[in-house]
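In what follows, a structure is listed as structure tokens, so that the remarks can point back to it.
First listed ligand is number 1; within each ligand, the first listed atom is number 1. Heavy-atom basis, side chains included; hydrogens, waters and symmetry copies ignored. Because the structure is a prediction, the values reported are computed rather than measured.
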Amino acid sequence: MNIDEMKTEIGRLKKEKNAIILAHNYQLPEVQDIADFTGDSLELARKAASITEPVIVFCGVYFMAETAAILNPDKKVLIPDMQAGCPLADFATLKQVREWKKVYLDHVFVAYVNTHAETKAEIDICCTSGNAEKVINSIDSDKIVFLPDKNLGDYIRRKTGKPMVLWEGFCVVHEKADFDSIMEAKAMYPEALVMAHPECPRRVLDIADEVCSTGQMFGAVERHPEVRQFIVVTECGMVHALSKRFPDREFIAPEKQMRCANMKKITLPKVLDSLKYGQFEVKIDPVIAEKAKRSIVKMLEIK
Ligand code: 13P
Ligand code: SF4
């Protein structure tokens with residue numbers, strides 16, 4: 001089957017199975033193109049909470065599909081490749097979180113959504129890169145533990161001025177954001193605006209004009225109608241997402257590209273098989289799911 005035939009077959013199966021396809025902004029271009037909805041973690045979680053279709057094919061990494069399943073216990077949530085994990089989520093194991101809770105007894109535990117369901121079940125409230133500042137500001141305490149991303153934590157700590165205790169985790173893709181490549185791109189495109197994801201280290205965020213979640217990057221482009229070129233410091237799939245929405249602007253990835261191998265595990269043939277064979281269903285222990293849901297819903301209630 002060629003790409004066009006696959007796309008047609010995916011469209012047919014989607015109708016037959018009454019399914020909806022959600023995709024993260026880092027997905028392969030051809031996967032983004034067949035999705036019914038694309039977005040960042042927060043937008044996808046909000047969308048998942050309001051879906052009517054009985055089947056959700058989630059094109060993203062596992063914690064995202066898991067969040068959709070937690071919010072939709074009566075629906076079938078499928079991920080086309082079970083191996084599409086997020087190494088950042090692995091930094092916060094259940095054992096470690098429980099140990100920290102014994103040490104930081106009177107602290108509010110905030111977990112980035114890039115965590116496993118059992119971690120979400122242990123903490124007080126979730127956040128995404130799109131709402132972390134709002135979530136931290138909503139907490140009526142100066143005793144906060146933030147996990148697992150140290151870069152996002154550091155950035156939000158500086159923005160809010162709240163004395164947060166940070167976990168030592170990081171995203172393997174964003175941690176390697178190459179300062180020199182960004183400086184070279186800035187020299188080559190002096191008029192360009194630099195947009196960086198808050199999972200990048202401080203030295204990179206300090207030279208960015210806008211620090212945004214992937215979803216917020218669209219808003220940043222809209223806020224700067226005079227700017228024609230943007231240097232995009234995040235996973236390379238974002239360049240496709242932005243170019244599609246703003247065909248009259250130029251989006252430049254720094255020369256040393258950032259690529260999330262896990263996001264790229266979801267391919268069109270796997271999406272097709274996912275719909276055809278109902279694979280692979282995300283199943284979560286109902287007790288853990290119920291507890292994790294509380295911290296996700298608390299986050300979603302913050303507008
Ligand atoms: P966003 O919520 O900004 O899309 O980020 C998700 C992610 O995994 C970043 O690496
Ligand atoms: Fe996880 Fe980083 Fe990939 Fe995002 S880019 S899914 S944080 S490994």
Side-chain angles (χ1 to χ4, degrees), residues 22-28 31-32 35 37-49 58-68 79-92 110-116 119-120 126-135 146-153 155-156 167-178 195-201 204-205 208 210-221 232-242 245 253-254 256-266 296 299-300 302:
L22 306 186
H24 187 264
N25 291 320
Y26 294 162
Q27 287 292 287
L28 287 167
V31 173
Q32 291 189 33
F37 182 85
T38 51
D40 68 11
S41 310
L42 181 61
E43 292 159 344
L44 290 168
R46 286 203 191 285
K47 184 72 184 171
F58 204 106
C59 302
V61 288
Y62 191 77
F63 79 81
M64 296 178 175
E66 197 176 51
T67 303
I79 182 161
D81 187 329
M82 272 287 185
Q83 303 309 315
C86 168
L88 172 56
D90 299 335
F91 271 101
V110 183
Y112 194 23
V113 278
N114 299 43
T115 42
H116 301 296
T119 298
K120 290 187 177 82
C126 287
C127 74
T128 72
S129 54
N131 65 7
E133 193 181 340
K134 273 190 189 163
V135 168
F146 186 88
L147 59 118
D149 191 83
K150 61 174 183 178
N151 292 326
L152 174 63
Y155 174 68
I156 298 300
W167 206 263
E168 271 301 304
F170 55 87
C171 159
V172 285
V173 180
H174 288 84
E175 181 71 6
K176 287 196 209 122
D178 187 47
M195 302 194 286
H197 194 279
E199 285 175 16
C200 295
V204 166
L205 300 184
E210 295 271 356
V211 177
C212 335
S213 76
T214 63
Q216 289 168 342
M217 288 187 181
F218 296 98
V221 174
V232 184
V233 189
T234 190
E235 209 276 344
C236 56
M238 198 60 215
V239 167
H240 177 75
L242 288 163
R245 179 91 64 92
K256 266 206 187 140
Q257 268 209 5
M258 297 158 69
R259 188 179 166 89
C260 176
N262 283 288
M263 282 283 179
K264 273 33 183 184
K265 284 181 182 163
I266 311 293
I296 299 169
M299 163 187 90
L300 293 177
I302 297 173

Report the distance from atom [atom1] of [X] to atom [atom2] of [Y], rounding to the nearest 0.5 Å.
| X | Y | atom1 | atom2 | answer |
| --- | --- | --- | --- | --- |
| Cys236 | Lys264 | SG | NZ | 4.0 Å |
| His116 | Phe91 | NE2 | CZ | 11.0 Å |
| His197 | Tyr155 | NE2 | OH | 11.0 Å |
| Glu43 | Asn25 | CD | CG | 7.0 Å |
| Ile296 | Thr128 | CD1 | OG1 | 11.5 Å |
| Asp149 | His174 | CG | NE2 | 9.0 Å |

Worksheet item: Please walk me through it: do Tyr26 and Thr234 pass side-chain hydrogen bond (donor to acceptor under 3.5 Å, both in side chains)?
Response: CA-CA 9 Å; Tyr26 294 162; Thr234 190; 2.7 Å; yes
[X] heavy atom under 4.0 Å from ligand 1:
| X | result |
| --- | --- |
| Asn25 | no |
| His174 | yes |
| Gln216 | no |
| Ser129 | yes |

Against heavy atoms of [X], which atoms of ligand 1 measure under 4.0 Å?
| X | result |
| --- | --- |
| Glu199 | 7 (C), 9 (C), 10 (O) |
| His197 | 1 (P), 3 (O), 5 (O), 9 (C) |
| Tyr26 | 7 (C), 9 (C), 10 (O) |
| Ser213 | 3 (O) |
| Asn114 | 7 (C), 8 (O) |

Worksheet item: Between Asn114, Asp149, Thr214, Leu152, which one has a non-hydrogen atom sitting closest to atom 7 (S) of ligand 2?
Response: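 The residue whose heavy atom sits nearest atom 7 (S) of ligand 2 is Asn114.
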Worksheet entry | Residue from Val135, Leu147, Ile156 passing side chain to side chain contact (heavy atoms under 4.5 Å, CB included) with Val110 | Val135
Starting from [atom], what is the nearest protein heavy atom, named by residue and atom, and what distance separates them?
| atom | value |
| --- | --- |
| atom 6 (C) of ligand 1 | Ser41 OG, 3.3 Å |
| atom 8 (S) of ligand 2 | Pro87 CD, 3.5 Å |
| atom 3 (Fe) of ligand 2 | Cys260 SG, 2.4 Å |
| atom 4 (Fe) of ligand 2 | Tyr26 CE1, 4.0 Å |

Practice prompt. For the residue pair Glu175 and Asn151, confirm or rule out a side-chain donor-acceptor distance under 3.5 Å.
Written response: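 Asn151 and Glu175 do have a side-chain donor-acceptor pair below 3.5 Å.
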Item to complete: Please find out if atom 1 (Fe) of ligand 2 and some N, O or S atom of Cys86 are separated by less than 2.8 Å.
Response: yes
Item to complete: Of the side chain and backbone of Thr214, name the one, both, or neither that has a heavy atom under 4.0 Å from an atom of ligand 1.
Response: both
Worksheet item: Counting distance only, does the side-chain N/O of Lys120 pair as donor-acceptor with the main-chain N or O of Thr115 below 3.5 Å?
Response: yes
Worksheet entry | Main-chain N/O of Ala35 paired with Gln27 side-chain donor or acceptor, under 3.5 Å | no
Discussion item. So for Glu199, does at least one of its heavy atoms come nearer than 4.0 angstrom to any atom of ligand 2?
Written reply: yes
Worksheet item: Does any N, O or S atom of Cys171, backbone or side chain, fall under 2.8 Å from atom 2 (Fe) of ligand 2?
Response: yes
